[in-house]
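Just so it is clear, the values below take in all heavy atoms, side chains as well, and ignore hydrogens, waters and symmetry mates.
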Amino acid sequence: MFALLKLKVSGFRMLSDDFTIDFVAKARVNCNEDSNEIIRIDKNLYTYSIIAFTGSNSSGKSTTLDLIRDTLILMKTGRWIYRNSDFNSSDIKMHIEFYLDGDIYIYDANILPIDDLAEGQIMSPFCKIINETLKYARYDGKCGKHYLNDLKFDVDYHATGIEDTSKLIFLCKDKSNGYYLPEFSKNGVLVNKLFFESLNFLGNELTMEIIRLLDDSIEYINFDGTDSVILKRFNSKEMTLTKKEVLSVLSNGTIKGIDLYIRVAILLKNGGIMVIDEIENCFHKNLVNNLLFLITDKTLNKNNAQIIFSTHYVEILDIFDRRDNIFILHKINNEIFLENLYEDYEFRTEILKSKKFNNNTFNTLLNYDQLMKVKRLLKNEIFGND
Amino acid sequence: MKYLVMTEGTCEKALIDVLIKKGIFSLPIESLLYEQVFHARQIKNSIIERINQLPVSEKICIIRIGDTLTDELDIPNDIRDRVESCRKICIKPEFEILHLIYKKEDSNYIKKYKSKLKASEYLYQIDCNYEKSYDHNYDFFDSLSEEEIKNIIKLYTSKRSKVHNKDEGILESLIK
């Protein structure tokens with residue numbers, strides 16, 4: 001079993017120094033309580049099946065999810081894809097704690113930006129990774145979240161010998177499965193190139209029922225691997241369309257919903273971590289709730305599937321039974337900070353979480369003074385500055 | 001009509017999940033709300049959301065399963081009109097009595113240790129591998145045959161049903 005336990009980073013975009021995400025369950029996990037949102041990693045060590053990040057616009061939700069996504073890619077491929085905008089200092093300092101098949105690992109490294117190239121010079125699109133250290137200890141089944149203090153760690157001296165490839169690849173290549181929901185482009189065409197292929201990933205009957213859940217007028221969609229797709233609506237003739245035509249015929253919500261449902265089904269089948277930015281994008285809240293209900297159903301989620309998502313739609317958080325798997329992001333003076341709903345706030349648990357968000361308890365609503373400033377200027381714009 | 005099956009702990013949920021899996025639960029899976037069993041002491045918002053998914057006219061019958069179920073169930077106003085009935089199924093004195101019955105240790109426990117130890121504490125003493133968790137209980141009951149599980153539950157009725165109050169149902173009523 002693989003589980004991310006903690007991430008700490010400095011120098012990544014606008015995240016504050018030592019920006020830390022703790023994935024280990026913080027609130028009490030009574031083995032006989034609150035199990036639906038909990039994944040048992042090992043004895044006394046728990047993480048969550050659903051984790052939410054919320055906050056106002058530009059508070060850092062996407063940046064945080066990009067960090068998690070890039071970390072999972074680093075663990076699986078050993079690579080950190082170079083993007084100049086990732087670096088807000090001379091390097092990115094990464095600290096990752098994770099669990100893998102009975103051992104706890106502590107990984108540290110510095111990720112360097114790519115220097116300017118001389119003309120004609122060929123370079124790797126991946127960053128250099130230096131000062132790698134990896135420590136490990138057998139988890140004792142007792143210490144739980146206090147593993148750092150209670151376990152004795154040994155140092156792993158392996159190295160890849162390749163400057164743009166992390167030694168994490170030796171360990172995590174086949175273990176740290178991450179899935180990332182693709183974005184939409186503005187014209188509604190899906191970026192995910194495997195959308196049509198994914199129609200054949202699951203059993204035909206399940207795929208068709210997923211499609212009908214999203215659009216009950218569709219009788220079937222058949223894709224045979226070529227550019228032509230057969231689409232049949234109830235009480236209509238079968239149509240042979242190009243992929244592009246299918247994407248323009250179906251609504252954005254239908255396409256993204258089919259994609260998401262199929263991916264969640266695969267996630268439940270195989271296990272792994274799915275990272276979704278703005279889970280509500282194109283969807284009714286009800287659809288999102290029902291996806292999360294699937295993940296928190298222990299009879300379905302036997303392979304420790306995890307969904308990590310961001311949302312503006314705080315009503316989604318009302319279906320969370322726990323609070324420690326909800327994180328709130330704030331941007332203050334161009335630095336992004338993370339708070340935890342359990343550790344950093346106290347409120348009566350019987351009050352709906354959305355009510356607390358909507359009465360601005362967590363300072364996540366638009367700034368009132370700024371809103372009024374815009375309103376006054378808008379009035380001037382419309383009626384003139386008399 | 002849909003049944004909202006709520007278990008007080010995850011051990012009870014594990015047992016009911018196994019009963020459903022093995023086809024010996026008395027109710028068809030399609031009749032359960034969301035075709036699943038909920039681990040919940042009270043009706044939380046996550047359950048209300050699921051009830052709201054049903055057609056407006058559909059009624060709910062609540063089945064609570066736990067050790068003693070002494071705390072009152074608070075039915076939220078949002079769904080009060082939809083609740084047709086509420087049943088309690090008690091596994092007294094404690095869920096682990098089922099394990100003791102399987103190990104033929106229940107009589108010994110009742111006679112000699114009941115006043116000193118909880119059933120789970122006694123079970124820990126005689127089975128150091130026991131864990132009061134969903135996974136452990138699911139794996140344990142799943143490893144038994146349908147007949148073995150039925151026997152445990154029937155033996156429980158024959159030995160323990162007298163300690164139930166009038167409003168407390170027995171587990172046997174939930175098996176085929």
Q: Within the supplied structure, the quantity of interest is the number of heavy atoms (other residues, nucleotides, ligands) at a distance under 6.0 Å from B:E30 CD; does it exceed 12?
A: yes

Q: Which bit of B:Y138 comes within less than 4.5 Å of chain A, counting heavy atoms only: side chain, backbone, both or neither?
A: side chain

Q: Is it the backbone or the side chain of A:L300 that comes under 4.5 Å from a heavy atom of chain B, or both, or neither?
A: neither

Q: Is the NZ atom of A:K175 crowded by more than 12 outside heavy atoms at less than 6.0 Å?
A: no

Q: Can you confirm whether B:K114 is buried at NZ, in the sense that more than 12 heavy atoms of other residues, nucleotides or ligands lie under 6.0 Å from that atom?
A: no

Q: More than 12 foreign heavy atoms under 6.0 Å from NZ of B:K22: is that the case here?
A: yes

Q: Hey, which residues of residues 306-315 of chain A are touching chain B, say heavy atoms under 4.5 Å apart?
A: none

Q: Side chain, backbone, both or neither: which part of B:Q53 has an atom under 4.5 Å from a heavy atom of chain A?
A: side chain

Q: Shorter than 4.5 Å, heavy atoms on both sides: which option in B:R50, B:Q36, B:Q42, B:K21 has the most such pairs with chain A?
A: B:R50

Q: Take atom NZ in A:K142; do more than 12 heavy atoms of anything else shown fall under 6.0 Å from it?
A: no

Q: List the steps and the verdict of side chain to side chain contact (heavy atoms under 4.5 Å, CB included) for B:E49 and A:F293.
A: CA-CA 10 Å; B:E49 289 274 345; A:F293 289 156; 3.9 Å; yes

Q: Is it the case that atom NZ in B:K118 sees more than 12 heavy atoms from other parts of the structure closer than 6.0 Å?
A: no

Q: So which part of A:N289 gets closer than 4.5 Å to some heavy atom of chain B, the side chain, the backbone, both or neither?
A: side chain

Q: Is it the case that A:D321 and B:S46 place a side-chain donor and acceptor less than 3.5 Å from each other?
A: yes

Q: In terms of heavy-atom proximity below 4.5 Å to chain B, should A:K353 be classed as side chain, backbone, both, or neither?
A: neither

Q: Does NZ belonging to B:K112 count more than 12 external heavy atoms closer than 6.0 Å?
A: no

Q: Less than 4.5 Å to any heavy atom of chain A: does that hold for the side chain of B:N137, its backbone, both, or neither?
A: neither

Q: Rounded to the nearest 0.5 Å, what's the gap from CD1 on A:I319 to CD1 on B:I48? Could you check?
A: 12.5 Å

Q: Could you give the distance from OG1 (A:T299) to CD1 (B:I16), rounded to the nearest 0.5 Å?
A: 13.0 Å

Q: Kindly determine whether A:K298 and B:H39 satisfy side chain to side chain contact (heavy atoms under 4.5 Å, CB included), including the steps that lead there.
A: CA-CA 10 Å; A:K298 273 201 168 295; B:H39 162 231; over 6 Å; no

